[in-house]
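Quick notes on the structure that follows.
Residue numbering restarts at 1 for every chain, and letters A, B, ... go by the order of the sequence lines. Worth saying up front: this structure is predicted, and the values here are computed from it rather than measured.
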Protein chains: 2
Amino acid sequence: MARTVDVGRVAERREAIAVAAARLFATAGFERTTVADIARAVGVSAGSVFYYFPDKRAVFRAVFERDLPLAQERVARYADADQPLTAILELVAELAADARDPAAYGLLVELLRQVDRDPELVEVVRRTAGIVQEGLTGLIARGAADGTVDAALDPREAAAWIQVVVDAAYLNADPARDPVPALRRTVARYLQPVPRDEEARGEP
Amino acid sequence: MARTVDVGRVAERREAIAVAAARLFATAGFERTTVADIARAVGVSAGSVFYYFPDKRAVFRAVFERDLPLAQERVARYADADQPLTAILELVAELAADARDPAAYGLLVELLRQVDRDPELVEVVRRTAGIVQEGLTGLIARGAADGTVDAALDPREAAAWIQVVVDAAYLNADPARDPVPALRRTVARYLQPVPRDEEARGEP
DNA sequence: GTCTATATTTAGATAGAC
DNA sequence: GTCTATCTAAATATAGAC
């Protein structure tokens, strides 16, 4: 029997609250979602939500803390791929896969809005984005080494830029169209080494 | 002497309120900016703000109504350029030039967040974004005609994608770094016709 | 037209019973 | 742990004096 609190059960309840809150934050936004709304969605009272979280912002952060392990798993899966450029494109497509889910769009926008106001949220996001950036940076460096990626690019800066372009896929508000093809084309061509004839002319 | 209200003066006061409000909405967001804040910034009482606008959302819309003439001017300036591809890249750079202004960043995020909740705001934004999309679509079509842009692209879809990428560049604006070079490379290569040797291999 | 004063509503957070 | 009840604070919008 557990000596003090059942830490597993606490984690479960927190998770359930975060899941319900994510849906509401995505559609209504942070300010317009009330703690009472969250409590109702998860089937408890508002008082109980404050038992699991010190305040409303902490619930918001919990939503994004859930992304860290997923990012780690994805990055790890591609880290040792034989063909780094192919791996980059697959990873990018996977990162953008949720883009057509309107909830993902709403959450991204709300995150951008709130991140300036909560230093602890900055830290949460920094960790997840950092994992992805590390992974992309490594793959870009390996692509440069094997000649499939433009070696003139700074791997870290290119990785950061690619993350920006992935965000663009999320902003593509039209749910009717899949942004992944345009995204793949964009990233593939961005990374592409300078074709020899153009190199001679001093462009791209 | 004016028979009824001085319509010019009303427009001036509305403008002054919109300018002050823009700054506040950009930094604090829509919900956290109070009408009292706006009134104080412009030097009047909250009651006066409600004399010029029916409600707070109307003040927010007024902020974005100011963008329409600017977009028209920019697009018109490039519409008849001799080299459409060059014009696209210049126009894109200009659109992204504001990206390093934190106020522009804040306003864009807030716009994305609020646009879902206000049908009248949708209309305001649709007009401005529509002008830019028309302009880009025309330039892309002309580029396809003169061989500087991949003719396999649908001009309208390509224009929409470019707008999204510009927005993303805005959003992740690290104020320390200029996104325009990466943006130019990205757009130029995205639009580029398929090099002949790659075409033979059936790759994009 | 601009103000002051206020009605109305609502939300975050807490206290304390069970 | 979960609830109900409530405190406190703030914000939109209006009323009505000047």
Sub-3.5 Å pairs of nitrogen or oxygen atoms, protein against nucleotides 8-10 of chain D:
none

Quiz item: Please walk me through it: do B:Val92 and B:Leu89 pass side chain to side chain contact (heavy atoms under 4.5 Å, CB included)?
Solution: CA-CA 5 Å; B:Val92 162; B:Leu89 297 176; 5.6 Å; no
Quiz item: What pairs meet the side-chain hydrogen bond (donor to acceptor under 3.5 Å, both in side chains) rule with one or both residues in residues 137-152 of chain A, with sequence neighbours excluded?
Solution: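 Of all non-adjacent pairs touching residues 137-152 of chain A, those that pass side-chain hydrogen bond (donor to acceptor under 3.5 Å, both in side chains) are A:Asp146-A:Thr148, A:Asp150-B:Arg185.
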Self-check item: Pairs touching residues 80-95 of chain A that satisfy side-chain hydrogen bond (donor to acceptor under 3.5 Å, both in side chains), sequence neighbours left out
Solution: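 Every pair satisfying side-chain hydrogen bond (donor to acceptor under 3.5 Å, both in side chains) with a residue in residues 80-95 of chain A: A:Arg74-A:Glu94, A:Arg77-A:Glu94, A:Tyr78-A:Glu94.
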Take atom [atom1] of [X] and atom [atom2] of [N], then tell me their distance rounded to the nearest Å.
X       : N      : atom1 : atom2 : result
A:Arg32 : D:dT12 : CZ    : C1'   : 13 Å
A:Ile17 : D:dG1  : CD1   : P     : 13 Å
A:Glu31 : D:dT12 : CD    : C1'   : 16 Å

Quiz item: With nearest nucleotides of DNA chain C determined for B:Ser45 and A:Ala46 from heavy-atom distances, which residue corresponds to the more 5′ nucleotide?
Solution: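 The residue mapped nearer the 5' terminus is B:Ser45.
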Exercise. Measure the acute angle between the ring planes of A:Trp161 and A:Tyr190, then classify it against the limits of 30° and 60° as parallel, tilted or perpendicular.
Key: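 A:Trp161 and A:Tyr190: tilted rings.
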Self-check item: side chain to side chain contact (heavy atoms under 4.5 Å, CB included) between B:Leu112 and B:Leu171, worked out
Solution: CA-CA 11 Å; B:Leu112 292 172; B:Leu171 292 177; 4.1 Å; yes
Quiz item: Does A:Arg100 CZ have over 12 foreign heavy atoms under 6.0 Å away?
Solution: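 It does: A:Arg100 CZ has more than 12 such atoms within range.
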Self-check item: Heavy-atom closest pair, residues A:Ala39 and A:Ala46
Solution: CB-N, 3.5 Å
Self-check item: Nearest heavy-atom neighbours spanning B:Tyr105 and B:Tyr170
Solution: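 Scanning both residues, the minimum pair turns out to be CD1-O, 3.4 Å.
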Quiz prompt | Flag side-chain contact, heavy atom, 4.5 Å: A:Leu136 against A:Gln163 | solution = yes
Does [X] pair with [Y] as a salt bridge, N-O distance under 4.0 Å?
X        : Y        : value
A:Glu123 : A:Arg126 : yes
B:Glu15  : B:Arg66  : yes
A:Glu31  : A:Arg57  : no

Exercise. Quantify the bending of the helix from C:dG1-D:dC18 to C:dC18-D:dG1 as the angle between its end axes, each fitted on five pairs, to 10°.
Key: 0°
Quiz item: At what distance, to the nearest 0.5 angstrom, does CZ of A:Arg127 lie from CZ of A:Phe64?
Solution: 14.0 Å
Quiz item: Looking at residues 48-58 of chain A, who's got a heavy atom less than 4.0 Å off DNA chain C?
Solution: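 Close to the strand are A:Phe50, A:Asp55, A:Lys56.
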Quiz item: Counting just side-chain N and O atoms, does B:Arg9 come under 4.0 Å of either OP1 or OP2 of C:dT2?
Solution: yes
Exercise. Please list residues of residues 36-43 of chain B whose heavy atoms come under 4.0 Å from any atom in DNA chain D, ordered by number; otherwise none.
Key: none
